[in-house]
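Below you'll find the structure, written out as C-alpha cells, and then a few comments.
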There are 2 protein chains.
Amino acid sequence: MNKDKEVTIYDLAEKLNISVATVSRALKDDPVVSKKTRKKIYDLAEEMGYRSNHFARNLRNQRTDTIGVIVPRLNSYFMSTIIAGIEQVANSQGYNLIISQSSESAEKEVRSARTMFNNRVDGLLVSLAYDSDNLDHFSSFFKKDIPLLFFDRVAEHENVTSVCIDNRRAAFEATRHLVERGCKRIVHITARSNRNVYTDRLQGYRQALQEHGLPFDESMVMYNNLSQEAGYTAAAEILAMPVLPDGVFVANDNCAASCMIGLKKKGIAIPADIAFVGFNNDPVSTVVEPNLTTINYPGYEMGEVAARHLINHLNGAALITATNTILLRSELIIRESSLR
Amino acid sequence: MNKDKEVTIYDLAEKLNISVATVSRALKDDPVVSKKTRKKIYDLAEEMGYRSNHFARNLRNQRTDTIGVIVPRLNSYFMSTIIAGIEQVANSQGYNLIISQSSESAEKEVRSARTMFNNRVDGLLVSLAYDSDNLDHFSSFFKKDIPLLFFDRVAEHENVTSVCIDNRRAAFEATRHLVERGCKRIVHITARSNRNVYTDRLQGYRQALQEHGLPFDESMVMYNNLSQEAGYTAAAEILAMPVLPDGVFVANDNCAASCMIGLKKKGIAIPADIAFVGFNNDPVSTVVEPNLTTINYPGYEMGEVAARHLINHLNGAALITATNTILLRSELIIRESSLR
DNA sequence: TTGTAGGCGTTATCAA
DNA sequence: TTGATAACGCCTACAA
C-alpha cells in the first residue's frame, strides 16, 4: 500500500495488464466492459485504495456536481432550517454544497457570486441581501446559462425561478386576524428594505387595513433590523406613542418576542391591551408567554423544493426558465398572544 | 466576446503574442514578469472575461482550497452560529466550504467523510454525531496526512486537535451555583450519549454535588434528546417524582425553556420551587420567563478558532498535531431562573 | 524577463 | 470487447 502517492487508473491498468480506457469504463459501470474484467478492476481498485480524481474528471466533463448557496446570514434558526433542507436533497442526489454568507452586504454578495462563478458551480441558490438592488453580479451566470434560483429573498428576473411564500397574503391574514380580534390601531414592525419579503408584508398589512375600513398611518409602521435588541427598542417606542396601539404585527418572531417582553415589563397586558402576531414560527414563539401567534414558514420544505428544482433542471428533467415563481403554502398559527 | 467557450490562458497568450507561461505567471502576480506585460495581460483578461480554471489548477497543485465541514445538524441556532464563524474565517483566507450534515447518524457520517475525502478537501472540521463511536472512517485522512479537527463534539485521537469548552467545569459551575442557591435535590437532564459534551457535563454535575456533600442519585439524571418536545415530557416526569426536586440543570437551553414552561403550567414557581440552569445561551434563554441562567457558549468564536487553526496548519504556520486541545472560555450567566 | 514542453488523472473518439 | 491517444487548462523545471 503506497502511502504518499495517489493510486490512478494507470496503476490499476498496469497491474492488470489492460488499458486505462477499459479501467475508466469499468469504473463508470459502462456495460460494454465484460463482467469478469469489471470485477477484477473493482477488486483491485478496492484493494489499492483507489479514489477517482474529481478535478481530472471535472476538467474533462466541464461540470462539478457542486451547487453554490449564498445566504444573507447563516446564524439564524430560520435560515439554517432552509439550508438543512437544501443539504438533504443535494446530498441524496450526489451534489455537494458550497456555502457562503453575504452578511447582508451587497458588496460581499458580489464577491461571493464571483467566487461561486470561479468555482464553476453547476447551479446557484441565492437568498438576496437586504440592500443588493441590482442583479448585475449574476450576469456572468446568465451568459453561461448556469441556472440560478432565488429563495425567500427574491427578485424578478426573466432567467430566474423564485421559491417563496406569498408574503403579501400571509401578512394580510395576520393583520386581518388582528382586526377580527377587535384591533383598531395596529402597528407593523418590519425592516427598511426593498426586498420582497418586507415590501410584500407591508402591502398585505395595508391591504388588510383598507379592506376593513381602517386607515393606514405611516407613523404606525416602525422600521428596524428585526433583531432581539431591536424588539426592546421598539417596545420603548411603542410606549412613547401618544396613543397606544392595540395590536402589533411583526415581520419576525424574535423581534416580536422581545418586544412583547419589553411591553410586559412596563405593565402592558398581552393580548388584552396589545395583541401580537409574529412571522416564521421560530422556536421562541412557543416559549414566549403568551405563546406567539405567527405565520408558519416552511423553511425546510423551501430548501428541499429549491434544491430539487435546480437539480431537476441540471438533469434536464425540467426547464428552469419556464417556471417563474414557486409559492409554498404558509399558514397562520393562532396562539394566545392574539386571543383577546 | 465568445459566449459558449471558456477563455483560457492560451487565448490570452495568443492574442498578445506571448507565451502561456508568462500569462500564467502574470496572473499569479509573479514579480518576475515585467510591470508592462503584466498590465497588458490583466487588461486583456478582464476584457475577455477570463476566469481561471480551478480544476486544472487543482489537478496540478494537488490542493483544492476547500475545507470540509461535517456537523450533526444544521438547523439549530447553536450550530449555525459556529458555522457562521467558520465561514467568516475560511472565506477571508480564500478557502471554500463544503458542508454536510450527519443527521446524528454514524452511518451518514461515514458517508459524508468519504464524500469529503473524494472531494479532496484540504482539511476537515468535524463535530461528531451522537452515536459515532469509532473513528475508522477518518483513517483515510490520517493516512494521507489530511488535517482533521474536531469541535464541540470531540473525541480523543493522537492526530486530531479538538476545539471545545471545558464542559466539565462549566457543568460544575452551573451545578455549584444551584447548590449555593440552596438547592439540595438537583435533577440533571442530558442526552444519552458517550459524546464528551454529555459525559463531561454529567461528570461536572456529579463532582459539584460531591464537593458539596450532596448525594449523587442516578434516578435524578434524566436522559432524552434535548429537544423542545422532550422538555415538556421531562416536565411531566419531574411532576411524577415522589419528591419534587428543587433545582434542574439542563444540558441545553431549548429543552430547559420548554421544561420550565411545562412546570409553570402545573403551578410550579420558578425559581422559588425549582431553580433552573441551562446551557448554550441560546436566544430562547432571554425570552423565557423567568430568563434562564445558562452557560454562555462561544459558538461564533469556536468556529473562528477551529477554522483559523486548521488554516494555519495548512499554510504551514502551525503544526496541528502538536496541539491536543484548545479550550475556549465559557461562563455562567446568572439570570432570574436560578435566583432564589 | 520570457519561452518550451511535460505532466497532473480522466474521458471520449477512433480504430482494432 | 478492448486499446491507443488526444484533449481538458494550468503550472513549473529548465532553457534561452
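Atoms considered below: every heavy atom in the structure, side chains included; atoms not considered: hydrogens, waters and symmetry mates. Given the structure is predicted, the values throughout are model-derived calculations rather than measurements. Lettering follows sequence order; numbering is per chain, from 1.
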Kindly indicate, with the supporting measurements, whether the criterion salt bridge (Lys or Arg N to Asp or Glu O under 4.0 Å) is fulfilled by A:Glu104 and A:Arg153. CA-CA 11 Å; A:Glu104 297 290 11; A:Arg153 312 262 210 96; 2.7 Å; yes

Apply salt bridge (Lys or Arg N to Asp or Glu O under 4.0 Å) to B:Lys15 and B:Asp11, showing your working. CA-CA 6 Å; B:Lys15 209 132 188 173; B:Asp11 301 326; over 6 Å; no

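When rounded to the nearest whole Å, the span between CG of A:Asp29 and C1' of D:dT1 equals 16 Å. The CG atom of A:Asn58 sits 16 Å away from the P atom of D:dC8 (whole-angstrom rounding). Summarising the geometry, the separation between CZ on A:Arg63 and C1' on C:dT10 is reported as 15 Å, rounded to the nearest angstrom. Counting to the nearest Å, the P atom of D:dT1 and the NZ atom of A:Lys40 are 14 Å from each other. At whole-Å resolution of the value, CE in A:Met48 and C1' in C:dG9 are 14 Å apart. Residue A:Leu16 contributes atom CG, which lies 10 Å from atom P of D:dG3 at whole-angstrom precision. Rounded to a whole Å, the CG atom of B:Asp30 is 9 Å from the P atom of D:dT12. Nucleotide D:dA4 holds its C1' atom 16 Å from the CD atom of A:Glu14, rounded to whole Å.
Of the options B:Asn58, B:Thr66, B:Thr64, B:Asn96, a side chain to side chain donor-acceptor pair (under 3.5 Å) to B:Asp122 is made by B:Thr64 and by none of the others.
Looking at A:Asp29 and A:Arg38, a side-chain N of the basic residue comes within less than 4.0 Å of a carboxylate O on the acidic one, giving a salt bridge. The pair B:Arg120-A:Glu6 counts as a salt bridge, with a side-chain nitrogen and a carboxylate oxygen less than 4.0 angstrom apart.
For A:Thr22 and D:dT1, the shortest distance from a side-chain N or O to OP1 or OP2 is not below 4.0 Å.
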Under 3.5 Å, N/O pairs linking protein and nucleotides 9-11 of chain D:
{"unit_1": "D:dG9", "atom_1": "N2", "unit_2": "B:Ala56", "atom_2": "O", "d": "3.3"}
{"unit_1": "D:dC10", "atom_1": "OP1", "unit_2": "B:Tyr50", "atom_2": "OH", "d": "2.6"}
{"unit_1": "D:dC10", "atom_1": "OP1", "unit_2": "B:Asn53", "atom_2": "N", "d": "3.4"}
{"unit_1": "D:dC10", "atom_1": "OP2", "unit_2": "B:Ile9", "atom_2": "N", "d": "2.8"}
{"unit_1": "D:dC10", "atom_1": "N4", "unit_2": "B:Tyr10", "atom_2": "OH", "d": "3.0"}
{"unit_1": "D:dC11", "atom_1": "OP2", "unit_2": "B:Ser24", "atom_2": "OG", "d": "3.0"}
{"unit_1": "D:dC11", "atom_1": "O2", "unit_2": "B:Arg60", "atom_2": "NH1", "d": "2.5"}

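The aromatic rings of A:Phe117 and A:Phe141 sit perpendicular to each other, their planes meeting at more than 60°, with 30° as the lower class boundary.
If you look at A:His157 and A:Phe142, their ring centroids are closer than 6.0 Å.
Between the side chain of A:Asn119 and the backbone N or O of A:Val121 there is no donor-acceptor pair closer than 3.5 Å. The backbone N or O of B:Asp152 sits nowhere less than 3.5 Å from a side-chain atom of B:Ser127 that would complete a donor-acceptor pair.
Summary of helix geometry: the two end axes of the helix from C:dT1-D:dA16 to C:dA16-D:dT1, each defined by five base pairs via their C1' atoms, are inclined to each other by 30° (rounded to 10°).
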